[in-house]
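Inspection log for the structure reproduced underneath, given as C-alpha cells.
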Amino acid sequence: MLRQATQQLGDRFHDPLPATSMRVSQLLLVTLRDDPAEAEIPSHRLLLRGGYIRRIAAGVYAYLPLLWRVLVKINGIVREEMDRTGALETLLPQLQPAELWQRSGRWQGYTAGEGIMFHMVDRQDRSLGLGPTHEEVVTALAADLLRSYRQLPVCLYQIQTKFRDEIRPRFGLMRGREFIMKDAYSFHADAACLTQTYQAMDLAYRRIFLRCGLRTVAVEADSGAIGGSASQEFMVTAEVGEDLILSSPDGRYAANQERALSVAAPAVPLDDGLASGELITPGQSSIAALCDGHGLAPSQILKVLLLLARFADLPAQPVLVCLRGDQQLNEVKLRNALSQRAGSGSHPLLDLQPLTPEQLEAQGLAPLPFGFLGPQLDDAVLAGAHQWRPQFLRLADPSVAGLGRFVCGANKPDLHRVVDGWELLTPLPELVDLRSAQPGDPCLHDPDQRLVASRGIEVGHIFQLGRKYSEALEARFTSEDGSEEALWMGCYGIGVSRLAQAAVEQHHDDQGICWPLAIAPFEVIIVIASNQDADQGSLGERLYGELAAAGIEVLLDDRSERAGVKFKDADLIGIPWRVVVGRGAAAGTVELVERASHSREDLPAAELLARLQPRILAQRQGLQAH
RNA sequence: CGGGGCGUGGCGCAGCUUGGUAGCGCGGGUGCUUUGGGAGCACUAGGUCGCAGGUUCGAAUCCUGUCGCCCCGACCA
C-alpha cells in the first residue's frame, strides 16, 4: 500500500534523474500569450509573460521557479568570486534596531523626508527598521569581534533581501521595494589596505559580470547616502537604463552624470553693443525669452536659482545658486555641498526643493521677482522669516566666475542688468562645482575629447567608506603600535535580482529571452514535437536521460501540446539550446537550434551529446575576459 | 508629493457620453477532429463591474469619498 502510494508519487516527486533536470509538465510553467498591461520595458514584459515573476504589490514580486533557478546561478557565480577574494559569507538581520541607525546619524535621513527605510514600532515601543543596507549592523558586529590588527583585513558578505520604500518602484525587478542584493563589507587597519581590497573587488566584479554574460562599463560614481570617498558603479549598458553615463571616446573616462566632471564650453563673449547698467526686459523671465528679446546667447546670462534646504534639527536654509545660463544644476552635487556645510553627521540634509512664492508668503515675507533675480539679492528679503535662517547660503558654479561681461536679473520685475565683471558682485558667492556635465562637453583629461552619453542599469557599486561608520559606531581595534584606532571600511554591492532582469534587457529578441548560458534556468530544452508519436517520445526520453547523466541542465517539454505551442514557449523562456525531436525521430535524427543566433542543424541523435557538450562547457564560462 | 490615466471572470479589453440588471478575445474543463511555429467545432464552468456611501423605481454607467495600480514629473520660474 505504501509502496503503491510511493509509486504514484514517483512520477511527480521522484524523478530518478539528477535535480538539474526537469520536465515542463511538472514545472508549473504558466506563460502568458498577451503582454500584461503593467509592463513597459521588454525585460519586464518577458519575465511576466515567460512565467518568471508575478507581482504581489507595487515593487514586490514573487520569484517563480524558473527565475529562482536564474537567481541561484547568479548567486553561485557571485559566491565563487567573492570566496576567491577571501571574503566570508554571513547572513545578517533584516530587522534592525533604530538605535544603531541613530548612532550612525542615518536614522532621520532614512526615515523622515524622502527617507527610504521601512520602519515600525514594536509592542514594547521600540523603533525598528527593515534593512535597506547593512553598514550599521556589520559595523556594530565588527566593533564586537575585531580587536586587533592581527585579525585584519577581513571581509564579510551576504546575499540577502533588502527593503527600500522607493518613491516610485518601476520596471519590475529593476527598482523594487524588496530585492535581492549581495553586499560585502571589508575592514582594514589602514587606508592602503582598503585600497587594495577595493581594487580586488573591482576585479572580482568585472569577472562576475563577464561570467554572467553581461556587457558592463565601470564608471566613477557619487557615493550618495552611503557616504565615503572613492566609489565606482558597474553599469549594464541598455537603452532603458535609468542612469546617464558620460564617457570619453578614448575610453579613459566614464562617469555617472550625477558625478561627471567636464570643462564647460567657453562662453560667447558679450560685446559692447549692450550698455552696462539696467536692461529693460518686459515679461522676459526665462533664459530663452531673454535671448530672443536681446539677441543674447544663454552663456552670456547668469541665472539665479533659489532653493530651500531642510536639515535635521536646524532652521531651514534658503540657498541662492548662480549658474551660467546655458548650464544645468546638478542636484546631487548641490546636495553634497550642502551636506558638507551642515555637518552631515549631526544634521543630515532631509530635503531640497525650489523655493516657492507660497513658502515666502507662509514665512511672512514679501514676494520675490522670480525670473528677474540676480546674485546681489539682499539678505534683507529674508528678514523676519518665521522659521528660516535669515541669510542665504550663496553658491556659484566656477563657470560663472570666468564670465567677463554678462547679463543677470536686477531683482526688480521686468528688469535685468548688464554687469561688467563677476568681481563687481557683492556679496561674492562661494565657488563650488554645481553644474551637470553634458554630452559634448570637453573632457578634463583631454579637451579634444568630447563626452558621449549612453544609458546604463546600475548592477554593482563599490565604495571606499573610510572611517565614517567605524567612528560613529566606535568600531576600533588595537594597532601594531598599541594605539586604539577606528577601522577603515569598504562596502561592495551587487543587485542580484536587478542583474537578472538587466540580463534579459541585454539579451532578448522579438520572440523572447535569450539567456546567457551561465545564468539560464536550464541549458537545453528538448522539445518532443508530437507526444503521440512513440518514436519521438522514446527518443526524447532517451536523450533527456543521456544529457542529464552528462551533467547538463536539461528541460524536457513532454506536454501534450501542439508543437507550435512548445516552440513559442521555448523561445519565450529563452533556454540557450533547443533540441527538437520530431519527424526525424524514427530515423534517429534530431534538430539542434541555438536560441540566440537561430542557427540550426540536423544531426544523428547519437552525436548530440558529443556536439553539444563542448559548446555548453565553453559557454558556462560566460564572456571571455578581454 | 504634483500632474495624467486605469480598476469589469486567470490575462488582454469593450460596455459608461445618452442609467434598464454584463459582453468579446485569449486562457480553464469535457468531447470529437487536428498534430512542426500560440489548431477547429460543439458543449461548459467562471464576474455582487476595487471598496464605501449617495442620487434614482432602477447604478458597471451619474455624484462624493476612499483604496489599489500604472505612467510622467518632482532642477533653472
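Protein chains get the first letters and strands the later ones, always in sequence-line order, with residue 1 at the start of each.
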So what's [N] paired with, Watson-Crick or G-U wobble, going by both distances under 3.5 Å?
| N | answer |
| --- | --- |
| B/C26 | B/G10 |
| B/U48 | none |
| B/C62 | B/G54 |
| B/C41 | B/G31 |
| B/C69 | B/G5 |

Identify whether any heavy atom of [X] sits under 4.0 Å from a base atom; if not, whether one sits that close to sugar-phosphate; answer base, sugar-phosphate or nothing.
| X | value |
| --- | --- |
| A/R324 | nothing |
| A/E561 | nothing |
| A/A58 | sugar-phosphate |
| A/D571 | base |
| A/R435 | nothing |
| A/V580 | base |
| A/R170 | sugar-phosphate |
| A/L373 | nothing |
| A/I301 | nothing |
| A/R175 | nothing |

If the threshold is 4.0 Å, N to carboxylate O, is there a salt bridge linking [X] and [Y]?
| X | Y | result |
| --- | --- | --- |
| A/E541 | A/R23 | yes |
| A/D557 | A/R578 | no |
| A/E239 | A/R455 | no |
| A/R341 | A/E430 | yes |
| A/K566 | A/E561 | no |
| A/R164 | A/E178 | no |
| A/E220 | A/R259 | yes |

Gap in Å between the two [atom1] atoms, one belonging to [N] and one to [M], rounded:
| N | M | atom1 | value |
| --- | --- | --- | --- |
| B/U55 | B/G65 | C1' | 15 Å |
| B/G25 | B/U17 | P | 25 Å |
| B/U48 | B/U8 | P | 12 Å |
| B/C71 | B/G27 | C1' | 28 Å |
| B/C11 | B/G47 | C1' | 14 Å |
| B/C75 | B/C69 | P | 24 Å |
| B/C24 | B/C49 | C1' | 15 Å |
| B/C67 | B/U21 | C1' | 26 Å |

Rounded off to whole Å, could you give me the [atom1]-to-[atom2] distance for the [X] and [N] pair?
| X | N | atom1 | atom2 | result |
| --- | --- | --- | --- | --- |
| A/F567 | B/A39 | CZ | C1' | 15 Å |
| A/Q532 | B/U35 | CD | C1' | 8 Å |
| A/L377 | B/A77 | CG | C1' | 15 Å |
| A/I525 | B/G37 | CD1 | P | 17 Å |

If you check every side-chain atom of [X], which of [options] has the closest atom?
| X | options | value |
| --- | --- | --- |
| A/R583 | B/G36, B/A77, B/C76 | B/G36 |
| A/A529 | B/G36, B/A77, B/C76 | B/G36 |
| A/Q353 | B/A77, B/C69, B/C75 | B/C75 |

Q.
Would you say that A/M235 contacts A/D243 through its side chain, given a criterion of any heavy-atom pair below 4.5 Å between the two side chains?
A.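 Yes, close enough: below the 4.5 Å cut-off.
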Q) Hey, does A/I573 have a side-chain heavy atom less than 4.5 Å from the side chain of A/L29? A) yes
Q.
By nearest heavy atom, map A/L306 and A/V565 onto RNA chain B; which one lands nearer the 5' end?
A. A/V565
Q.
Assuming nearest nucleotide by heavy-atom distance, tell me which of A/R600 and A/L352 is located more 5' along RNA chain B.
A. A/R600
Contacts under 3.5 Å, N or O only, protein and nucleotides 1-6 of chain B:
none

Q. Do other residues, nucleotides or ligands put more than 12 heavy atoms under 6.0 Å from the CD atom of A/E278?
A. no
Q) Would one find more than 12 heavy atoms of other residues, nucleotides or ligands at under 6.0 Å from atom CD of A/E242? A) yes
Check nucleotides 7-14 of chain B for protein N or O atoms closer than 3.5 Å to its own N or O atoms and list the pairs.
unit_1	atom_1	unit_2	atom_2	d
B/G12	OP1	A/A37	N	3.3

(Q) Determine whether the aromatic ring centres of residues A/F522 and A/W577 are separated by less than 6.0 angstrom. (A)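 Aromatic pair excluded; centres sit 6.0 Å or further apart.
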